[in-house]
S.K.: 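Take this structure first; my questions come after.
Indexing begins at 1, ligand by ligand and atom by atom, following the structure's order. The first residue in the sequence is number 1, and the count goes up from there.
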Amino acid sequence: MNHVGIGYDVHQLVEGRKVILGGVEIPFPKGLDGHSDADVLMHAICDAVLGAIGEVDIGHFFPNTDARWKNVPSKVFLEEAARQVGFREGRIVNVDATLIAQAPKIAPHIQHMKENIAAALSLNVNRVSVKATTNEMLGFIGRGEGIAAMAVASVELPEPITIPV
Ligand SMILES: [Zn+2]
């Protein structure tokens with residue numbers, strides 16, 4: 001059976017942090033705030049994969065109150081999501097994501113992001129899509145106060161076993 005999941009995440013841009021998106025560090029005067037490396041793109045994809053298998057969000061697996069996940073690279077979260085799919089004998093078909101950021105420029109880094117995401121999920125890179133858009137200067141994203149990401153994932157899962165009555 002084919003299942004789909006959706007994920008959304010947002011992190012604030014603050015002084016003294018790095019911008020890491022899809023595992024790529026992008027030079028920028030501000031950075032994304034968060035307990036982990038605040039990779040908003042990987043977090044959205046993670047929740048999409050977990051959603052497709054009917055699981056709870058990544059915060060459940062990696063609570064931000066747990067010091068073990070402080071500044072951890074978010075590929076660890078993606079690897080866990082892929083492991084959860086594996087437990088269910090499932091297979092990720094594809095993931096598609098959109099970054100919403102007024103700045104920095106995302107386009108030059110997209111291929112590298114796709115490769116990092118594909119590696120963390122053990123997927124061929126052609127099963128991963130990353131797109132980017134600005135917010136047309138509108139709202140908190142348009143003012144450069146934060147970066148958001150949304151994602152969908154498609155996962156093939158075995159048919160549930162139905163026991164005839
Ligand atoms: Zn996040």
S.K.: When rounded to the nearest 0.5 angstrom, what is the spacing between OG1 in T134 and NZ in K105?
M.R.: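 Output value for this atom pair is 8.5 Å.
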S.K.: For the Zn ion (ligand 1), find the closest N/O/S atom on H11 and give its atom name.
M.R.: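 Going by distance to the Zn ion (ligand 1), the closest N, O or S atom in H11 is NE2.
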S.K.: Quick check: does D39 have an N/O/S atom under 2.8 Å of the Zn ion (ligand 1)?
M.R.: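 For D39, the answer is no, given that no N, O or S atom comes within less than 2.8 Å of the Zn ion (ligand 1).
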S.K.: Examine the side chains of S129 and N94 and answer whether a donor and an acceptor come within less than 3.5 Å of each other.
M.R.: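 Their side chains do not contain a donor-acceptor pair, so the 3.5 Å distance test is not met.
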S.K.: I'd like to know if the side chain of D47 reaches the main chain of I58, judged simply by a donor and an acceptor atom lying under 3.5 Å from each other, with no hydrogens or angles considered.
M.R.: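 Checking the backbone N and O of I58 against the side chain of D47, a donor-acceptor pair under 3.5 Å is found.
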S.K.: Could you check if a side-chain atom of V93 sits within less than 4.5 angstrom of a side-chain atom of V155, using non-hydrogen atoms only?
M.R.: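 V93 does not reach V155 side chain to side chain.
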S.K.: Restricting to N, O or S, what is the name of the atom of D9 that lies nearest the Zn ion (ligand 1)?
M.R.: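 Of the nitrogen, oxygen and sulfur atoms in D9, the Zn ion (ligand 1) lies nearest to OD2.
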S.K.: What N, O or S atom of H43 is found closest to the Zn ion (ligand 1)?
M.R.: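 Closest to the Zn ion (ligand 1) among those atoms: ND1.
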